[in-house]
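Notes follow the structure.
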Amino acid sequence: NKRGFIFDLDGVIVDTARYHYLAWKRLADSLGISFGETENEQLKGVSRVRSLEKILDWGNVELSKDRFNELLDIKNKDYLAYIERMDQDEILPDVLRVLSFLKQNEQPIALGSASKNARTILKEVDLLDVFDVVIDGTNVSKAKPDPEVFLKAAEGLGQVPENCIVFEDSVAGIRAANAGSMLSIGIGDASVLNEASYVFKDFTEIPTEFFSKLISER
Ligand code: G6P
Ligand code: MG
């Protein structure tokens, strides 16, 4: 029995959500726009362009197109400086246990991320080969909560959406999975990810039997 297992990247596979946070915070600070955890939560799963639009909106700041693009570039360079120093230690707890269990059980595995840096990051932590399909920010035109990224991942895996399971740490991503008729599993805070079908604090909280059950269910 095969299902489609689709993983978000930032904050699910690797601990890069904090680097996005640090890079956006530095940028917001430089513009005199206040930026904390609450604001950050709303940027998780959100594309680079849309994230900057939101930050500028919060600060009531309007910029020329050129300056806007310059800031996108500054944020990404700042972010990439963190990424360069990354290694396998930054794979989140028990992610490798889960991936190898799914591999052993011959389950199709995809990445579904809004990030344009996804392949760079997967290479950095030596996980690129684990994914049968990688759909990232360079393959989609509609951002989460639109289900496009996950629908493309499902298609790539040769699975109908109803047979797919999505792991997400963002509200936008859970909404995207739900909108695509997939089973949504939140990784993080249950009060934030309350629209998910299931929520776990992290992968250490998901017993192997949970995955066996998912595999035998359909
Ligand atoms: C993920 C992260 C977001 C990030 C987006 C774009 O969805 O959760 O915080 O803004 O990817 O990432 P990028 O690496 O292309 O700037
Ligand atoms: Mg994420």
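Atoms within a ligand are numbered from 1 in the order they appear, just like the ligands themselves.
- When non-hydrogen atoms are compared, ligand 1 lies under 4.0 Å from neither the backbone nor the side chain of L9.
- Residue contacts with ligand 1, taken as heavy atom pairs separated by less than 4.0 Å, do not involve D8 at all.
- Between the side chain of E148 and the main chain of D146, no donor-acceptor pair closer than 3.5 Å is present.
- For the residue pair D94 and T204, no side-chain donor N or O sits within less than 3.5 Å of a side-chain acceptor on the partner.
- Side-chain contact of S64 with D66: a donor-acceptor pair under 3.5 Å is absent, judged by distance alone.
- The nearest heavy-atom contact from the protein to atom 16 (O) of ligand 1 is R48 NE, 2.7 Å.
- Taking a cutoff of 4.0 Å between a charged side-chain nitrogen and a carboxylate oxygen, R85 and E90 do not qualify as a salt bridge.
- Counting atoms of ligand 1 from 1 in the listed order, those under 4.0 Å from a heavy atom of N117 are 13 (P), 14 (O).
- Between atom 8 (O) of ligand 1 and the options S113, G137, A17, G45, the minimum heavy-atom separation is to G45.
- Around the Mg ion (ligand 2), the protein N, O or S atoms found under 2.8 Å comprise D8 OD2, D10 O, D169 OD1.
- With respect to E39 and K54, no salt bridge is recorded, no charged nitrogen being found less than 4.0 Å from a carboxylate O.
- For ligand 1, the atoms lying closer than 4.0 Å to a non-hydrogen atom of K116 are 13 (P), 14 (O), 15 (O).
- No hydrogens or angles considered: a donor-acceptor pair under 3.5 Å links the side chains of N76 and N117.
- Ion pair K152/E155 not flagged as a salt bridge, since none of the NZ, NE, NH1 or NH2 atoms sits closer than 4.0 Å to an Asp/Glu carboxylate oxygen.
- Taking 4.0 Å as the cut-off between side-chain N and carboxylate O, D132 and K103 count as a salt-bridged pair.
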